[in-house]
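Worksheet for the structure shown next.
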2 protein chains.
Amino acid sequence: MTKPPVIDPRRTLTLRDVSEASGVSEMTVSRVLRNRGDVSDSTRERVLEAARTLGYVPNKIAGALASQRVNLVGVIIPSLSNMVFPEVLTGISDMLEDTGLQPVVGVTNYSPEREEAVIYEMLSWRPSGMIVAGLEHTEASRAMLAQAGIPIVEIMDIDGEAVDSAVGISHRRAGRQMAEAIIAAGYRRIAFCGTMMPYDHRARKRLEGFEEALAKAGLTLADREFYSGGSALLKGREMTEAVLKRTPDVDFLYYSNDMIGAGGLLWCLEKGIDVPGKIGLAGFNGVELLDGLPRRLATMDACRLEIGRRAAEIIAGKHDGVIGGEVIELTPTLQPGDTIRR
Amino acid sequence: MTKPPVIDPRRTLTLRDVSEASGVSEMTVSRVLRNRGDVSDSTRERVLEAARTLGYVPNKIAGALASQRVNLVGVIIPSLSNMVFPEVLTGISDMLEDTGLQPVVGVTNYSPEREEAVIYEMLSWRPSGMIVAGLEHTEASRAMLAQAGIPIVEIMDIDGEAVDSAVGISHRRAGRQMAEAIIAAGYRRIAFCGTMMPYDHRARKRLEGFEEALAKAGLTLADREFYSGGSALLKGREMTEAVLKRTPDVDFLYYSNDMIGAGGLLWCLEKGIDVPGKIGLAGFNGVELLDGLPRRLATMDACRLEIGRRAAEIIAGKHDGVIGGEVIELTPTLQPGDTIRR
DNA sequence: ATGGGTTATGTTACCGCTAACAGCCATAGG
DNA sequence: CCTATGGCTGTTAGCGGTAACATAACCCAT
């Protein structure tokens with residue numbers, strides 16, 4: 001004796017429900033809903049009508065399993081509160097807009113272990129491609145990405161070895177370039193303020209490039225100060241005050257990002273310090289926020305939107321023919337603003 | 001004659017590969033990898049070893065289809081560049097941390113149509129729950145959410161009708177409360193600066209509540225100014241200047257968010273305007289940025305972290321027993337800062 | 001030896017959809 | 001008239017896992 005068919009009114013609908021409601025096979029319904037193959041107009045109408053009135057939402061899990069196709073692109077970034085990454089995401093979304101591909105974001109909080117877990121989780125959904133911030137990953141992460149058999153694009157940074165493709169700028173060069181501009185402007189007692197996070201490799205590379213250029217000019221950092229956590233704007237103030245108290249003859253402050261730079265700028269202006277006469281300031285990133293500040297902070301644009309676009313392009317382009325292994329270096333432009341002497 | 005088994009070294013691995021490599025059935029491998037059921041230590045060892053050396057990553061698509069379980073929670077927000085939403089996300093992630101649930105973010109850019117599309121897309125992956133910002137959705141969106149048979153939590157706002165559960169604050173009440181504080185401080189010529197986005201319902205409700213309270217005191221807005229797009233800090237400056245030029249006797253400016261409020265504050269301080277003596281200022285949100293400003297802007301905390309946490313809690317809690325229909329009202333606290341007379 | 005209870009592993013039948021192919025009908029051409 | 005062609009629809013066999021049940025091996029108490 002078979003169980004009576006219990007019809008649960010709240011169970012989720014399947015193709016079969018739509019097929020029964022419209023009197024055609026499941027396959028035809030599937031074709032209609034995906035706009036595939038030939039279906040007569042009258043049938044299409046009936047199917048769409050049925051799907052609409054039932055409120056049918058296809059099950060992509062089943063679809064993806066059957067078709068071996070997943071329209072997702074994994075995007076792995078260290079943080080959302082940095083403002084840099086949302087902007088990269090915007091670039092990615094823009095470019096993916098009408099490719100049928102969909103970005104899915106994972107956040108690592110600058111932790112390599114967390115990154116490894118997020119990569120594993122993402123790959124287990126078999127995305128069509130992955131975009132990962134940075135070139136530094138655990139051994140296992142690199143192996144997983146390399147094995148995945150999908151296009152991988154590492155973004156933001158190109159100073160290092162890419163698993164597959166890469167789009168970014170050279171942070172080492174960016175640091176160097178800024179140092180050269182500062183030295184050319186006549187500053188000599190130069191200090192650095194930045195993040196202490198051990199895993200912010202890009203900030204580290206900028207500082208390395210910066211010190212490299214200083215060394216070439218026979219200079220060394222006059223002072224340095226690090227922070228972690230808290231309101232970046234406030235930290236910028238505090239660090240600036242600390243450095244100037246400890247090393248009063250400093251004549252330039254290089255910040256590892258614009259937010260703390262802005263804090264420093266506000267503090268200097270409040271104290272009536274002559275910027276850029278007595279002290280020059282520079283940050284990094286070119287954040288929109290700066291437009292509203294009393295004075296334009298010197299900075300370097302990190303090409304965030306462009307990085308997102310190009311990365312997405314690589315993924316979308318590879319959708320069919322797999323090529324792989326491109327490295328695209330973008331060149332940030334130095335925006336001297338009003339905080340470096342001319 | 002059968003085809004010779006072509007072993008593609010780059011094809012993605014399946015349970016079968018691990019099972020063959022370790023000499024047990026696929027089922028046992030599955031059990032090991034999910035820590036389910038009884039497996040002897042020696043077998044477990046062998047299986048894990050095999051999986052590790054092969055670099056096997058499970059296929060969650062297949063797993064989800066078979067088990068009818070998906071460990072994803074859809075989170076739908078209007079924007080990532082608002083700083084409010086990343087913070088809500090942080091609250092959600094924190095709370096979901098060790099529930100095995102994973103947030104997946106979708107962005108609507110404040111467009112109801114886009115929201116509808118994103119909801120459809122998300123539901124097609126059959127998530128375990130959905131967290132959606134706001135109470136205003138298209139007819140179709142509401143229907144889809146209601147039909148989905150999963151816990152739905154609408155966040156940020158509670159002034160309206162929820163599909164299922166809701167966690168947020170009353171923006172109408174928040175606006176009213178701020179107006180009352182301003183009036184109590186003796187200000188009378190009060191103007192408003194805010195976003196023009198037609199779909200920022202929460203800003204609208206705050207303004208409605210604000211005007212309501214003004215009316216009760218026999219007052220009306222002395223002026224109003226709207227913006228859209230661009231650097232909020234800069235827009236804050238521009239709007240402030242515009243209002244004060246057009247209506248010089250204004251003695252208070254209420255901003256729809258802290259960023260434009262901060263711009264206004266910086267502008268006033270630069271112009272040497274006495275704040276809060278001649279002009280009072282207030283914003284909304286309690287963003288971290290404010291800590292670094294020369295003066296603390298009056299604002300109201302929107303309970304963003306708490307909202308994220310509570311929403312996640314509802315989703316996670318319902319994982320088993322479905323209850324539904326809770327509405328949690330959080331109460332924002334007014335932070336008078338230094339820009340309202342006392 | 002028998003039976004009952006563990007513990008550890010294997011077998012079977014799907015989950016909901018789609019690729020690939022098969023079939024059917026009408027029309028057009030020979 | 002028959003066959004070729006193309007448009008439309010249906011059938012079959014998985015995709016890669018997991019739930020549920022079946023089985024085997026071993027233990028101990030009877």
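Just so you know, these numbers use all the heavy atoms, side chains as well, and skip hydrogens, waters and symmetry mates. Chain naming here is simple, since letters A, B, ... match the order of the sequence lines and numbering starts at 1 in each.
Judged as a side chain to side chain contact (heavy atoms under 4.5 Å, CB included), and not counting sequence neighbours, the contacts of B:Leu145 are B:Ile119, B:Met130, B:Val132, B:Ile152, B:Val163. Taking the side chain to side chain donor-acceptor pair (under 3.5 Å) definition, one finds that B:Ser22 meets it with nothing, sequence neighbours left out. For B:Asp159, there are no salt bridge (charged side-chain N to carboxylate O under 4.0 Å, His left out) partners, not counting sequence neighbours. Taking B:Ser93 as the reference, nothing meets the side chain to side chain donor-acceptor pair (under 3.5 Å) condition, with sequence neighbours excluded. Scored by the salt bridge (charged side-chain N to carboxylate O under 4.0 Å, His left out) test, B:Arg310 finds B:Glu306, B:Glu313 as partners (sequence neighbours excluded). With sequence neighbours left out, B:Glu20 forms a side chain to side chain donor-acceptor pair (under 3.5 Å) with B:Arg16. For A:Thr90, the side chain to side chain donor-acceptor pair (under 3.5 Å) test picks out no residue, with sequence neighbours left out.
Screening residues 44-54 of chain A for salt bridge (Lys or Arg N to Asp or Glu O under 4.0 Å), with sequence neighbours left out, gives A:Glu49-A:Arg52. Identified under the side-chain hydrogen bond (donor to acceptor under 3.5 Å, both in side chains) test for residues 130-140 of chain A, with sequence neighbours left out: A:Glu115-A:His137, A:Glu116-A:Thr138, A:Glu136-A:Lys205, A:His137-A:Glu154, A:Thr138-A:Ser141.
Remark on the helix from C:dA1-D:dT30 to C:dG30-D:dC1: inter-end axis angle 60°, axes from five-pair C1' superpositions, rounded to 10°.
Read 5' to 3', the first and last nucleotides of DNA chain D with an atom closer than 4.0 Å to a heavy atom of chain A are D:dC8 to D:dG16.
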Sugar-phosphate or base contact per nucleotide [nucleotides 10-23 of chain C; S, B, -; heavy atom under 4.0 Å]: BB---BBBBB----
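Computed from coordinates, the B:Asp38 CG to C:dG5 P distance equals 17 Å when rounded to whole Å.
Not a single donor-acceptor pair under 3.5 Å links the side chain of B:Ser128 to the backbone N or O of B:Val73.
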